[in-house]
Amino acid sequence: MPERRIAPASILPAPAAGSESPARRRSRLARYLAPKEPIPRTLALVLGLSFFGLVVAAWAIASYTSLTSDYFLPTPVKVARTLYDMFVHQGFLHDVWASTYRIMAGFVIASAIAVPLGIAIGAFRVVQAFFEPLIAAVRYMPASAFIPLLIIWLGIGNGEKIGVIWFGVFFPLALLIADVSANVPKEFINIAYTLGASRRHVFFRVLVPACWPGVLDNLRIAVGWAWTYLIVAELVAANTGIGHVILSASRSLQTEQIMGGILTIGFLGLLTDAIFRWLHRQLFPYTERAAS
């Protein structure tokens, strides 16, 4: 009986370049759809841009067809041209800077007080019992309701506008930071005591450093709140700022300027969010590795 010879692996036909078995594709899709599983950054970028593209496409279809009039929904091209004219000929960049200054000033002042206070509330029960009831109550009060008081106390200049942003950010941020501090594992503190650390060292060298990743993540959320309070802050007696431009355009029914101002706020918000995400990756890369 003749022997059957098996061809060496080196001369077996190789799979076509770029081909992938259906089973492997299904396995990859199942992994992408699993809860808390990471996906490649390229895929995340493509998915995010795809959603933006779908929104712009729906906007274009609605504005270029007879679904709605140009008065209610101007076309994307018209809004883009209006934005260009606002920046080049109408000094809109000055308004953007004025709004950015107010947002950052209110946010920084609120954060400078809320972060240490929140860490102390989460770490010490006596501090929590003293501060938390009032802070929890005030955070349910809308910042816009305090505008008349802030005008009386701070006038109608930048102080009032920064005060509105501070009021809208400080109280919820303090409670979020307190929650981060309270959720630091007790094992960290017990181990530090076992190794002979004092209470002061446990607080400053164990608890506070353990809070920083969560603190930065909550600051990223809080700066988003600050941008949402911009229109409220510039509602009264403002002669500069994106909110002032939007309110002035609403009086003259210039829809394309209103949409241009809203899109500018959205872009600036995304930019600040991206900066905080980058800082988080640079300062605390170990938290991403633990989550991946």
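Note that the numbering runs from 1 along the sequence shown for the chain.
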Give me the atom names and distance for the closest heavy-atom approach of [X] to [Y].
X	Y	result
L154	G159	CD1-O, 3.3 Å
L283	L216	CD1-CD2, 4.3 Å
A136	L175	CA-CD1, 3.9 Å
Y64	P76	CE1-CD, 4.0 Å
A249	I258	CB-CG1, 3.7 Å
A110	V169	CB-CG1, 3.9 Å

Test: R81 and D85 ion pair at under 4.0 Å =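 The answer is no: the pair does not qualify as a salt bridge.
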Do you reckon [X] sits in the same ILVMFWY cluster as [Y], going by side-chain contacts under 4.5 Å, direct or chained?
X	Y	result
V96	V79	no
I109	I221	yes
M259	I61	no
L93	F267	yes
Y140	L150	no

Quick one: [atom1] on [X] to [atom2] on [Y], what's the gap to the nearest 0.5 Å?
X	Y	atom1	atom2	answer
N239	E234	CG	CD	10.0 Å
Q128	E132	CD	CD	4.5 Å
L219	W212	CG	CH2	8.5 Å
S252	L247	OG	CG	11.0 Å
N218	I177	CG	CD1	4.5 Å
F167	I147	CZ	CD1	11.0 Å

Would you please indicate yes or no on a ring centroid separation below 6.0 angstrom for F124 and F203?
->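 Yes, ring centres under 6.0 Å apart.
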Main chain of [Y], side chain of [X]: is a donor-acceptor contact present, judged purely on distance under 3.5 Å?
X	Y	value
S111	V108	no
T82	E256	no
S248	V245	no
S181	A178	no
K161	I156	yes
S63	A60	yes
W59	P74	yes

With a 4.5 Å limit on heavy-atom distance, are the side chains of [X] and [Y] in contact?
X	Y	result
I121	I135	yes
V164	E160	yes
W227	T100	yes
H201	V206	no
T272	R220	no

After noting the C-alpha distance and the side-chain angles of L47 and I39, does the key distance pass the side-chain contact (heavy atoms from CB on, under 4.5 Å) rule?
-> CA-CA 11 Å; L47 290 174; I39 63 174; 4.2 Å; yes
Heavy-atom neighbours of [X] [atom1] exceed 12 at 6.0 Å:
X	atom1	value
F188	CZ	no
Y193	OH	yes
F87	CZ	yes

I would like to know whether H94 and T240 meet side-chain contact (heavy atoms from CB on, under 4.5 Å); could you show each step before the answer?
-> CA-CA 8 Å; H94 176 69; T240 58; 3.7 Å; yes
Keeping to residues at least two apart or across chains, list the salt bridge (charged side-chain N to carboxylate O under 4.0 Å, His left out) pairs with something in residues 174-203.
->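 Passing the test, one end in residues 174-203: no pairs.
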Evaluate the criterion side-chain contact (heavy atoms from CB on, under 4.5 Å) for residue pair I242 and F92; output intermediate values, then yes/no.
-> CA-CA 8 Å; I242 303 174; F92 188 51; 4.2 Å; yes
Member of L230, I265, D95 meeting the side-chain contact (heavy atoms from CB on, under 4.5 Å) criterion with I246 =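 Single pass found, and it is I265.
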Starting from the C-alpha separation in whole Å, work towards a yes-or-no answer on side-chain contact (heavy atoms from CB on, under 4.5 Å) for F170 and V138.
-> CA-CA 10 Å; F170 169 75; V138 175; over 6 Å; no
